[in-house]
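Report on the following structure.
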Amino acid sequence: MARALELAERGLFTTQPNPRVGCVIAHGEEVVGQGWHRRAGEPHAEVFALREAGERARGATAYVTLEPCAHHGRTPPCADALVAAGVARVVIATEDPFPQVAGRGIATLRDAGIVVDSGLMCEAARELNIGFFSRIERGRPFVRVKLAMSLDGRTALAGGDSKWITGEAARADVQRWRARSSAILTGSGTVLADNPRLTVRLPDELHVPPLRVVLDRRLRTPAGSHVLDGAAPTLLLHVADTACADDRFAQVERVAVAGQGGALDLGAVLTLLAERGCNELHVEAGPTLCGALFAAGLVDELLLYIAPLLLGDSARPLLQLPALADMAARWQLQTVDRRAVGDDLRLRLQPRAMP
């Protein structure tokens, strides 16, 4: 199963909106076939593994990181393929919550007399597809906020200059986090201040370009902004009563969403993105939008880069958050991972569950 998970990770940048899945077929310790899902619409992991195994799949054990599908989508059911190949046993890391599968794959295998075991390395399998499980089980993407700050907790000078707080290695690392995401979200304030491209600077064949999402309540994004250049699919979200008489947005899609307290309803935004197949949402925005996501309890992970420099008291803060009445109301995070990236420190932090 560990090998199957390694294979599944090869699809980290390419399978969305589908989950990343790997499969190994073996007789005891002898591997006779292996494969992984590469892109949506192409064969699933089990198909590649069965092709490699050929007749040696008969009587073998298949190790699969996610319950084999049991429905006709863009490809035939993998559960049927395993039955037809004559495997004797299937070991599944975790069941698939997708309504059209959700136990049906296991039932198909067992009805054919195949022994099925589930739960081996389940946590690792769910972590690999954390966005897929979030979208299916919670109806919203897994939200990862990326921020970079100085040692004194500042993200930009008072005038807005933030290039560059972190070093080249950290900036390259961010490209991989962008690449694994279904969408990259920012606000119109960041567009006005920084004119970001929000694209992935990796070869096109190595990733599926994430959707660029701009929260622009009053359609303030000016002509000439990189997010309007058509270099990647782009979605502008605004309130319903906003009109635009020019052709600035000819190359992007505009959708109205509900407003809330003078801003866009962030919960509605996440629901909309989930309906469009967004698994992992990567947020690169300013302290106002990032703070609003935290205050609404919608951040699942903070990807924080800390640079060994100081910017001073007048520089801009990391987040804008409501004032706290006492320490009991503080936001508590736990460290999932910490590592050096060049001269910078990268922390992965997740909200700590309240007792």
Side-chain angles (χ1 to χ4, degrees), residues 127 130 142-181 184-202 210 215 226 266 280-354:
E127 173 66 23
I130 198 165
F142 182 88
V143 177
R144 181 179 291 112
V145 171
K146 172 261 172 183
L147 290 167
M149 73 175 193
S150 60
L151 287 174
D152 51 349
R154 304 295 172 166
T155 61
L157 298 179
D161 184 15
S162 62
K163 293 184 178 180
W164 296 99
I165 290 179
T166 55
E168 185 176 344
R171 297 197 299 274
D173 187 63
V174 170
Q175 296 302 313
R176 297 180 60 83
W177 290 98
R178 286 184 177 184
R180 67 173 287 165
S181 303
I184 303 172
L185 180 141
T186 195
S188 58
T190 297
V191 172
L192 289 166
D194 298 336
N195 193 20
R197 296 183 185 275
L198 300 184
T199 52
V200 176
R201 289 182 282 280
L202 295 174
L215 304 190
H226 292 313
L266 295 175
E280 294 182 30
L281 178 63
H282 179 92
V283 180
E284 292 192 20
T288 301
L289 176 53
C290 292
L293 286 164
F294 266 98
L298 297 175
V299 176
D300 297 304
E301 185 167 284
L302 172 60
L303 186 66
L304 181 63
Y305 295 84
I306 305 173
L309 51 85
L310 301 170
L311 295 181
D313 290 348
S314 64
R316 297 184 179 183
L318 185 70
L319 296 167
Q320 289 185 4
L321 292 169
L324 301 180
D326 54 58
M327 286 294 287
R330 67 191 183 275
W331 283 270
Q332 297 189 65
L333 305 175
Q334 57 186 348
T335 303
V336 176
D337 179 67
R338 63 167 63 87
R339 65 186 62 194
V341 182
D343 291 332
D344 305 310
L345 176 65
R346 189 192 76 193
L347 300 179
R348 285 178 58 208
L349 305 155
Q350 295 181 357
R352 188 182 298 275
M354 298 299 289

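- Minimum heavy-atom separation, P196 to V191: CD-CA, 3.7 Å.
- The two residues R180 and E127 come nearest to each other via the heavy atoms NH2-O, 4.4 Å.
- Rounding to the nearest 0.5 Å gives a distance of 10.5 Å between CG of L333 and CD of E301.
- Side-chain contact between T166 and R171 is present, with at least one heavy-atom pair separated by less than 4.5 Å.
- Judged as a salt bridge (charged side-chain N to carboxylate O under 4.0 Å, His left out), and not counting sequence neighbours, D344 has no contacts.
- Here the closest heavy-atom approach between residue P210 and residue I184 is recorded as CB-CG1, 4.0 Å.
- Counting heavy atoms from C-beta on, the side chains of K146 and Y305 come closer than 4.5 Å.
- Rounded to the nearest 0.5 Å, atoms CG (L304) and CG (L347) are 5.5 Å apart.
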Between side-chain atoms of residues 283-298 and protein atoms elsewhere (two or more places apart, or another chain), which donor-acceptor pairs fall under 3.5 Å?
unit_1, atom_1, unit_2, atom_2, d
E284, OE1, R178, NH2, 2.9
E284, OE2, R178, NE, 2.9
E284, OE2, H282, NE2, 2.7
T288, OG1, Q320, OE1, 3.1

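- Taking a 6.0 Å sphere around CD of Q175, one finds it holds more than 12 heavy atoms contributed by other residues, nucleotides or ligands.
- Atom CG of D343 sits in a sparse spot, with 12 or fewer heavy atoms from other residues, nucleotides or ligands closer than 6.0 Å.
- Put simply, the side chain of D152 gets close to the backbone of G312: a donor and an acceptor are under 3.5 Å apart.
- Q334 and Q350 form no side-chain donor-acceptor contact under 3.5 Å, judged by distance and modelled atom types alone.
- Partners of R154 by salt bridge (charged side-chain N to carboxylate O under 4.0 Å, His left out), not counting sequence neighbours: none found.
- I165 CD1 to M149 CE: the interatomic distance, rounded to the nearest 0.5 Å, is 10.0 Å.
- With a 4.5 Å cut-off on side-chain heavy atoms, L319 and L147 count as touching.
- Residue-environment remark: CZ (R348) exceeds the threshold of 12 foreign heavy atoms within 6.0 Å.
- With contacts defined as side-chain heavy-atom distances shorter than 4.5 Å, the pair L198/H226 does not qualify.
- Within the 4.5 Å cutoff, no side-chain heavy atoms of D300 are placed close to those of L281.
- Without hydrogens or angle criteria, T335 side chain to L349 main chain gives no donor-acceptor distance under 3.5 Å.
- Annotation: side chain of D337 is in contact with side chain of R339 (closest heavy-atom distance under 4.5 Å).
- Nearest heavy atoms, L311 versus A156: CD1-N, 4.1 Å.
- L157 contributes atom CG, which lies 9.0 Å from atom CZ of R316 (distance to the nearest 0.5 angstrom).
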